[in-house]
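Okay, structure first, notes after.
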There are 2 protein chains.
Amino acid sequence: METEVGREIADALGVLLKRSTRQELHRALTVDMGEAVDELTYPVLSGLERTGPCSAADLAPEVGLDRSGVTRRASRLEEAGLVRREADPSDRRATLLALTDAGQCTVQMLRERLSARITASLASWPADEAEAFANSLRRFVTDGPFA
Amino acid sequence: METEVGREIADALGVLLKRSTRQELHRALTVDMGEAVDELTYPVLSGLERTGPCSAADLAPEVGLDRSGVTRRASRLEEAGLVRREADPSDRRATLLALTDAGQCTVQMLRERLSARITASLASWPADEAEAFANSLRRFVTDGPFA
DNA sequence: CAGAATAGCGTGCGCGCCGCACGCATACGT
DNA sequence: ACGTATGCGTGCGGCGCGCACGCTATTCTG
(Lines give C-alpha, C1' and ligand atoms only; values in the text may rest on other atoms or scores of the structure.)
Protein backbone atom coordinates (compact mmCIF):
# COMPACT_ATOMS: atom_id res chain seq x y z
CA MET A 1 0.00 0.00 0.00
CA GLU A 2 1.49 3.27 -1.05
CA THR A 3 0.36 5.44 1.81
CA GLU A 4 2.08 2.97 4.08
CA VAL A 5 5.36 3.78 2.39
CA GLY A 6 4.73 7.49 2.80
CA ARG A 7 3.99 7.05 6.46
CA GLU A 8 7.07 4.94 6.94
CA ILE A 9 9.24 7.62 5.40
CA ALA A 10 7.49 10.32 7.35
CA ASP A 11 8.23 8.60 10.63
CA ALA A 12 11.85 8.03 9.72
CA LEU A 13 12.27 11.66 8.74
CA GLY A 14 10.71 12.73 11.99
CA VAL A 15 13.37 10.88 13.92
CA LEU A 16 16.08 12.05 11.60
CA LEU A 17 15.21 15.71 12.02
CA LYS A 18 15.39 15.57 15.79
CA ARG A 19 17.42 18.37 17.20
CA SER A 20 19.56 16.12 19.33
CA THR A 21 20.38 13.94 16.33
CA ARG A 22 21.83 16.82 14.41
CA GLN A 23 23.64 18.14 17.43
CA GLU A 24 25.14 14.81 18.34
CA LEU A 25 26.21 14.14 14.79
CA HIS A 26 27.89 17.45 14.20
CA ARG A 27 29.42 17.39 17.62
CA ALA A 28 31.04 14.09 16.80
CA LEU A 29 32.21 15.43 13.46
CA THR A 30 33.78 18.59 14.74
CA VAL A 31 35.65 16.95 17.57
CA ASP A 32 39.31 17.96 17.58
CA MET A 33 38.49 20.37 14.81
CA GLY A 34 38.81 23.64 16.64
CA GLU A 35 36.07 25.72 18.10
CA ALA A 36 35.32 27.80 15.04
CA VAL A 37 33.49 25.13 13.10
CA ASP A 38 30.43 23.69 14.73
CA GLU A 39 26.93 22.61 13.87
CA LEU A 40 26.04 26.11 12.78
CA THR A 41 29.07 27.11 10.78
CA TYR A 42 29.58 23.83 8.98
CA PRO A 43 26.77 24.36 6.47
CA VAL A 44 28.46 27.57 5.37
CA LEU A 45 31.71 25.75 4.75
CA SER A 46 30.00 22.94 2.94
CA GLY A 47 27.91 25.31 0.88
CA LEU A 48 30.90 27.38 -0.08
CA GLU A 49 32.68 24.30 -1.28
CA ARG A 50 29.69 23.33 -3.40
CA THR A 51 29.04 26.73 -4.94
CA GLY A 52 32.54 28.08 -5.04
CA PRO A 53 33.28 31.71 -4.13
CA CYS A 54 30.10 33.73 -4.00
CA SER A 55 28.39 36.51 -2.10
CA ALA A 56 26.58 36.03 1.17
CA ALA A 57 23.28 36.76 -0.52
CA ASP A 58 23.81 34.01 -3.06
CA LEU A 59 24.90 31.60 -0.38
CA ALA A 60 21.95 32.33 1.89
CA PRO A 61 19.35 30.15 0.14
CA GLU A 62 21.89 27.36 -0.11
CA VAL A 63 22.28 27.36 3.65
CA GLY A 64 18.64 28.20 4.26
CA LEU A 65 19.28 31.35 6.19
CA ASP A 66 19.01 35.10 6.08
CA ARG A 67 21.88 37.09 4.61
CA SER A 68 22.72 38.47 8.00
CA GLY A 69 23.00 35.00 9.43
CA VAL A 70 25.38 33.98 6.69
CA THR A 71 27.39 37.12 7.29
CA ARG A 72 27.75 36.39 11.00
CA ARG A 73 28.69 32.77 10.53
CA ALA A 74 31.12 33.68 7.80
CA SER A 75 32.67 36.28 10.05
CA ARG A 76 33.26 33.63 12.66
CA LEU A 77 34.91 31.39 10.11
CA GLU A 78 36.92 34.29 8.76
CA GLU A 79 38.18 35.01 12.24
CA ALA A 80 39.35 31.40 12.40
CA GLY A 81 41.10 31.72 9.07
CA LEU A 82 38.90 29.28 7.21
CA VAL A 83 37.07 31.79 5.05
CA ARG A 84 38.43 34.78 3.20
CA ARG A 85 36.55 37.88 2.16
CA GLU A 86 37.66 39.41 -1.08
CA ALA A 87 36.24 42.28 -3.04
CA ASP A 88 34.39 41.37 -6.18
CA PRO A 89 36.50 42.79 -9.04
CA SER A 90 33.45 43.43 -11.19
CA ASP A 91 31.40 45.06 -8.43
CA ARG A 92 33.30 46.78 -5.69
CA ARG A 93 30.39 46.97 -3.28
CA ALA A 94 29.98 43.20 -3.34
CA THR A 95 32.06 40.98 -1.06
CA LEU A 96 32.83 37.47 -2.14
CA LEU A 97 33.21 34.70 0.37
CA ALA A 98 35.81 32.10 -0.46
CA LEU A 99 37.44 29.21 1.35
CA THR A 100 41.04 29.61 2.33
CA ASP A 101 43.39 26.69 1.89
CA ALA A 102 42.86 25.82 5.52
CA GLY A 103 39.11 26.03 5.01
CA GLN A 104 39.27 23.81 1.96
CA CYS A 105 41.34 21.32 3.89
CA THR A 106 38.97 21.44 6.84
CA VAL A 107 35.80 20.89 4.87
CA GLN A 108 37.44 18.08 2.98
CA MET A 109 38.47 16.48 6.24
CA LEU A 110 34.99 16.83 7.66
CA ARG A 111 33.36 15.38 4.59
CA GLU A 112 35.81 12.50 4.74
CA ARG A 113 35.00 11.92 8.36
CA LEU A 114 31.27 12.03 7.78
CA SER A 115 31.52 9.72 4.81
CA ALA A 116 33.61 7.30 6.82
CA ARG A 117 31.11 7.26 9.63
CA ILE A 118 28.22 6.62 7.30
CA THR A 119 30.14 3.98 5.42
CA ALA A 120 31.03 2.27 8.66
CA SER A 121 27.42 2.09 9.75
CA LEU A 122 26.54 0.64 6.37
CA ALA A 123 29.18 -2.03 6.60
CA SER A 124 26.65 -4.77 7.29
CA TRP A 125 24.49 -3.78 4.33
CA PRO A 126 24.69 -5.55 1.03
CA ALA A 127 26.65 -3.35 -1.34
CA ASP A 128 23.89 -3.11 -3.92
CA GLU A 129 21.31 -2.17 -1.32
CA ALA A 130 23.54 0.56 0.03
CA GLU A 131 24.11 1.97 -3.41
CA ALA A 132 20.43 1.82 -4.24
CA PHE A 133 19.66 3.64 -1.01
CA ALA A 134 22.15 6.36 -1.79
CA ASN A 135 20.69 6.89 -5.23
CA SER A 136 17.13 6.91 -3.95
CA LEU A 137 18.02 9.32 -1.20
CA ARG A 138 19.64 11.73 -3.60
CA ARG A 139 16.65 11.55 -5.87
CA PHE A 140 14.34 12.01 -2.91
CA VAL A 141 16.22 15.09 -1.81
CA THR A 142 16.52 16.73 -5.19
CA ASP A 143 13.02 16.31 -6.54
CA GLY A 144 11.23 15.10 -3.44
CA PRO A 145 8.54 16.80 -1.37
CA PHE A 146 10.83 19.72 -0.61
CA ALA A 147 10.94 22.25 -3.34
CA MET B 1 33.34 2.40 -4.41
CA GLU B 2 31.94 2.46 -0.91
CA THR B 3 33.22 5.81 0.24
CA GLU B 4 31.45 7.26 -2.76
CA VAL B 5 28.18 5.99 -1.36
CA GLY B 6 28.94 7.50 2.01
CA ARG B 7 29.74 10.83 0.45
CA GLU B 8 26.60 10.70 -1.63
CA ILE B 9 24.49 10.14 1.45
CA ALA B 10 26.38 12.78 3.36
CA ASP B 11 25.66 15.38 0.73
CA ALA B 12 22.01 14.47 0.57
CA LEU B 13 21.69 14.67 4.33
CA GLY B 14 23.35 18.04 4.32
CA VAL B 15 20.70 19.38 2.03
CA LEU B 16 17.95 17.63 3.90
CA LEU B 17 18.94 19.10 7.25
CA LYS B 18 18.82 22.65 6.00
CA ARG B 19 16.89 24.89 8.28
CA SER B 20 14.73 26.28 5.55
CA THR B 21 13.78 22.80 4.42
CA ARG B 22 12.38 21.88 7.77
CA GLN B 23 10.67 25.23 8.13
CA GLU B 24 9.13 25.12 4.71
CA LEU B 25 7.96 21.57 5.18
CA HIS B 26 6.34 22.10 8.53
CA ARG B 27 4.90 25.36 7.42
CA ALA B 28 3.17 23.62 4.55
CA LEU B 29 1.95 20.92 6.87
CA THR B 30 0.51 23.15 9.50
CA VAL B 31 -1.31 25.40 7.09
CA ASP B 32 -4.93 25.89 8.10
CA MET B 33 -4.14 23.94 11.22
CA GLY B 34 -4.33 26.66 13.81
CA GLU B 35 -1.48 28.58 15.30
CA ALA B 36 -0.78 26.24 18.17
CA VAL B 37 0.94 23.53 16.19
CA ASP B 38 4.03 24.55 14.29
CA GLU B 39 7.47 23.27 13.49
CA LEU B 40 8.41 23.24 17.14
CA THR B 41 5.34 21.73 18.72
CA TYR B 42 4.70 19.05 16.14
CA PRO B 43 7.45 16.72 17.36
CA VAL B 44 5.79 16.70 20.77
CA LEU B 45 2.49 15.67 19.26
CA SER B 46 4.08 13.03 17.10
CA GLY B 47 6.17 11.71 19.96
CA LEU B 48 3.18 11.53 22.25
CA GLU B 49 1.29 9.52 19.69
CA ARG B 50 4.20 7.12 19.36
CA THR B 51 4.89 6.64 23.05
CA GLY B 52 1.41 7.09 24.41
CA PRO B 53 0.79 9.06 27.60
CA CYS B 54 4.01 9.65 29.46
CA SER B 55 5.84 12.23 31.53
CA ALA B 56 7.72 15.15 30.06
CA ALA B 57 10.99 13.64 31.23
CA ASP B 58 10.34 10.41 29.35
CA LEU B 59 9.28 12.31 26.27
CA ALA B 60 12.31 14.58 26.27
CA PRO B 61 14.81 12.16 24.68
CA GLU B 62 12.21 11.19 22.12
CA VAL B 63 11.94 14.78 21.02
CA GLY B 64 15.62 15.48 21.58
CA LEU B 65 15.10 18.29 24.04
CA ASP B 66 15.45 19.30 27.63
CA ARG B 67 12.58 18.59 30.01
CA SER B 68 11.85 22.26 30.33
CA GLY B 69 11.55 22.61 26.59
CA VAL B 70 9.07 19.77 26.45
CA THR B 71 7.13 21.35 29.28
CA ARG B 72 6.87 24.68 27.48
CA ARG B 73 5.86 23.19 24.17
CA ALA B 74 3.37 20.93 25.87
CA SER B 75 1.94 23.93 27.71
CA ARG B 76 1.36 25.63 24.40
CA LEU B 77 -0.41 22.60 23.06
CA GLU B 78 -2.38 22.26 26.26
CA GLU B 79 -3.52 25.84 25.90
CA ALA B 80 -4.78 24.95 22.44
CA GLY B 81 -6.62 21.94 23.79
CA LEU B 82 -4.55 19.36 21.98
CA VAL B 83 -2.71 17.98 24.97
CA ARG B 84 -4.06 17.16 28.41
CA ARG B 85 -2.14 17.02 31.65
CA GLU B 86 -3.33 14.42 34.09
CA ALA B 87 -1.91 13.33 37.40
CA ASP B 88 -0.17 10.01 37.43
CA PRO B 89 -2.35 7.78 39.64
CA SER B 90 0.62 5.79 40.87
CA ASP B 91 2.77 8.83 41.60
CA ARG B 92 1.00 12.01 42.42
CA ARG B 93 3.98 14.27 41.88
CA ALA B 94 4.32 13.08 38.28
CA THR B 95 2.30 14.68 35.51
CA LEU B 96 1.41 12.63 32.51
CA LEU B 97 1.06 14.23 29.11
CA ALA B 98 -1.62 12.77 26.91
CA LEU B 99 -3.27 13.68 23.66
CA THR B 100 -6.83 14.89 23.80
CA ASP B 101 -9.26 13.67 21.18
CA ALA B 102 -8.63 16.85 19.26
CA GLY B 103 -4.89 16.30 19.55
CA GLN B 104 -5.20 12.73 18.36
CA CYS B 105 -7.28 13.89 15.44
CA THR B 106 -4.82 16.65 14.64
CA VAL B 107 -1.72 14.49 14.66
CA GLN B 108 -3.48 11.90 12.57
CA MET B 109 -4.46 14.58 10.09
CA LEU B 110 -0.92 15.91 9.95
CA ARG B 111 0.59 12.50 9.47
CA GLU B 112 -1.92 11.85 6.75
CA ARG B 113 -1.03 15.09 5.07
CA LEU B 114 2.70 14.45 5.31
CA SER B 115 2.29 10.92 4.03
CA ALA B 116 0.21 12.16 1.15
CA ARG B 117 2.78 14.75 0.21
CA ILE B 118 5.58 12.23 0.29
CA THR B 119 3.55 9.69 -1.61
CA ALA B 120 2.70 12.26 -4.23
CA SER B 121 6.34 13.12 -4.79
CA LEU B 122 7.06 9.41 -5.13
CA ALA B 123 4.35 8.89 -7.69
CA SER B 124 6.82 8.61 -10.54
CA TRP B 125 8.91 6.03 -8.73
CA PRO B 126 8.58 2.33 -9.35
CA ALA B 127 6.62 0.83 -6.48
CA ASP B 128 9.31 -1.61 -5.49
CA GLU B 129 11.98 1.06 -5.47
CA ALA B 130 9.86 3.26 -3.25
CA GLU B 131 9.25 0.45 -0.83
CA ALA B 132 12.91 -0.50 -0.80
CA PHE B 133 13.81 3.10 -0.10
CA ALA B 134 11.38 3.29 2.81
CA ASN B 135 12.80 0.14 4.34
CA SER B 136 16.37 1.24 3.88
CA LEU B 137 15.62 4.64 5.34
CA ARG B 138 14.03 3.15 8.40
CA ARG B 139 16.99 0.86 8.87
CA PHE B 140 19.35 3.76 8.33
CA VAL B 141 17.61 5.80 10.96
CA THR B 142 17.29 3.09 13.59
CA ASP B 143 20.77 1.56 13.50
CA GLY B 144 22.57 4.08 11.34
CA PRO B 145 25.35 6.49 12.24
CA PHE B 146 23.17 8.16 14.86
CA ALA B 147 23.15 6.32 18.11
C1' DC C 1 6.23 6.74 63.06
C1' DA C 2 8.84 10.86 62.14
C1' DG C 3 12.41 13.26 59.89
C1' DA C 4 15.67 13.38 56.28
C1' DA C 5 16.97 12.54 51.70
C1' DT C 6 15.50 11.81 46.94
C1' DA C 7 12.86 12.39 42.71
C1' DG C 8 9.74 14.86 39.76
C1' DC C 9 7.70 18.93 37.62
C1' DG C 10 7.23 23.85 36.45
C1' DT C 11 9.39 28.49 36.14
C1' DG C 12 12.91 32.54 36.30
C1' DC C 13 17.27 33.71 34.31
C1' DG C 14 20.92 34.38 31.06
C1' DC C 15 22.70 33.18 26.54
C1' DG C 16 22.79 32.58 21.70
C1' DC C 17 20.81 32.69 17.19
C1' DC C 18 17.75 34.59 13.92
C1' DG C 19 15.02 37.98 10.97
C1' DC C 20 14.13 42.83 10.20
C1' DA C 21 15.38 47.50 9.54
C1' DC C 22 18.72 50.99 9.20
C1' DG C 23 23.20 53.16 7.52
C1' DC C 24 26.98 53.41 4.51
C1' DA C 25 29.31 52.55 0.16
C1' DT C 26 29.06 51.65 -4.69
C1' DA C 27 26.80 51.16 -9.25
C1' DC C 28 23.36 52.39 -12.67
C1' DG C 29 20.03 55.48 -15.21
C1' DT C 30 18.69 59.95 -17.02
C1' DA D 1 26.09 65.18 -12.33
C1' DC D 2 22.56 63.81 -9.42
C1' DG D 3 18.91 60.82 -7.90
C1' DT D 4 17.70 56.03 -7.50
C1' DA D 5 18.74 51.32 -6.78
C1' DT D 6 21.55 47.48 -5.10
C1' DG D 7 24.60 45.15 -1.80
C1' DC D 8 26.80 44.36 2.54
C1' DG D 9 27.38 44.69 7.59
C1' DT D 10 25.38 45.82 12.19
C1' DG D 11 22.00 47.29 16.06
C1' DC D 12 17.64 45.75 17.84
C1' DG D 13 13.92 43.05 19.48
C1' DG D 14 12.15 38.43 19.89
C1' DC D 15 12.28 33.56 20.76
C1' DG D 16 13.75 29.14 22.16
C1' DC D 17 16.86 26.55 24.87
C1' DG D 18 19.60 24.74 28.93
C1' DC D 19 20.56 25.43 33.76
C1' DA D 20 19.39 26.24 38.42
C1' DC D 21 15.98 26.98 41.89
C1' DG D 22 11.57 26.15 44.57
C1' DC D 23 7.83 23.37 45.70
C1' DT D 24 5.43 19.03 46.30
C1' DA D 25 5.20 14.13 46.86
C1' DT D 26 7.61 9.85 47.73
C1' DT D 27 10.89 6.78 49.75
C1' DC D 28 14.33 5.51 52.94
C1' DT D 29 16.10 5.15 57.67
C1' DG D 30 16.55 5.13 62.51
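Below, chains carry the letters A, B, ... as their sequence lines are ordered, and counting in each starts from 1.
- The separation between A/Arg67 atom CZ and C/dC17 atom C1' is 17 Å, rounded to whole Å.
- Between the P atom of D/dG18 and the CD atom of A/Glu39 lies a distance of 11 Å, rounded to the nearest Å.
- Contact of the B/Leu45 side chain with the B/Leu77 side chain is registered, since non-hydrogen atoms from C-beta on lie closer than 4.5 Å.
- Near DNA chain D, meaning a heavy atom under 4.0 Å away, there are no residues from residues 50-64 of chain B.
- A straight line from CG of B/Leu97 to P of C/dG8 spans 15 Å, rounded to a whole angstrom.
- In this structure, A/Glu129 places its CD atom where more than 12 heavy-atom neighbours from other residues, nucleotides or ligands lie under 6.0 Å away.
- With sequence neighbours excluded, the residues forming a side-chain contact (heavy atoms from CB on, under 4.5 Å) with B/Arg67 are B/Ala57, B/Ala60, listed by chain and number.
- Rounded to a whole Å, the CG atom of A/Asp88 is 9 Å from the P atom of D/dC8.
- D/dG16 atom P lies 17 Å from atom CG of A/Leu40, rounded to whole Å.
- The residue among B/Thr95 and A/Leu65 whose nearest nucleotide of DNA chain C is located toward the 5' end is B/Thr95.
- Within 3.5 Å, a donor on the side chain of A/Ser68 pairs with an acceptor on the base of C/dC20, or the reverse.
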Set out, in order, the CA-CA distance, both residues' side-chain angles and the distance that settles salt bridge (charged side-chain N to carboxylate O under 4.0 Å, His left out) for A/Arg76 and A/Asp38, then state yes or no. CA-CA 11 Å; A/Arg76 205 181 304 181; A/Asp38 58 354; 3.8 Å; yes
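- Toward the 5' end of DNA chain D, the nearer of the two residues A/Ala94 and A/Gln23, judged by each one's closest nucleotide, is A/Ala94.
- The interatomic distance linking B/Asp91 (CG) with D/dT26 (P) rounds to 6 Å, in whole Å.
- Side-chain N/O atoms of A/Thr71 include one lying less than 4.0 angstrom from OP1 or OP2 on D/dG9.
- In this structure, the side chains of A/Pro43 and B/Lys18 stay at 4.5 Å or more apart for every pair of heavy atoms.
- For the pair A/Arg92 and D/dC8, the criterion of a side-chain N or O lying under 4.0 Å from OP1 or OP2 is not met.
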What's the verdict on salt bridge (charged side-chain N to carboxylate O under 4.0 Å, His left out) for B/Glu78 and B/Arg84, showing C-alpha distance, side-chain angles and the deciding distance? CA-CA 6 Å; B/Glu78 184 188 20; B/Arg84 179 183 60 237; over 6 Å; no
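- Here B/Arg85 reaches the OP1 or OP2 of C/dG10: one of its side-chain N or O atoms lies under 4.0 Å away.
- Rounding to whole angstrom units, CG of residue A/Leu77 and P of D/dG9 are separated by 13 Å.
- In this model, a side-chain donor or acceptor of B/Arg93 finds a partner on the base of C/dA7 within 3.5 Å.
- Contact of B/Arg72 with C/dG12 (side chain to base): a donor-acceptor pair of N or O atoms is detected under 3.5 Å.
- Rounded to whole Å, atom C1' of D/dG16 lies 11 Å from atom CG of B/Asp38.
- Using modelled atom types and a 3.5 Å distance limit, the side chains of A/Arg7 and B/Thr119 yield no donor-acceptor pair.
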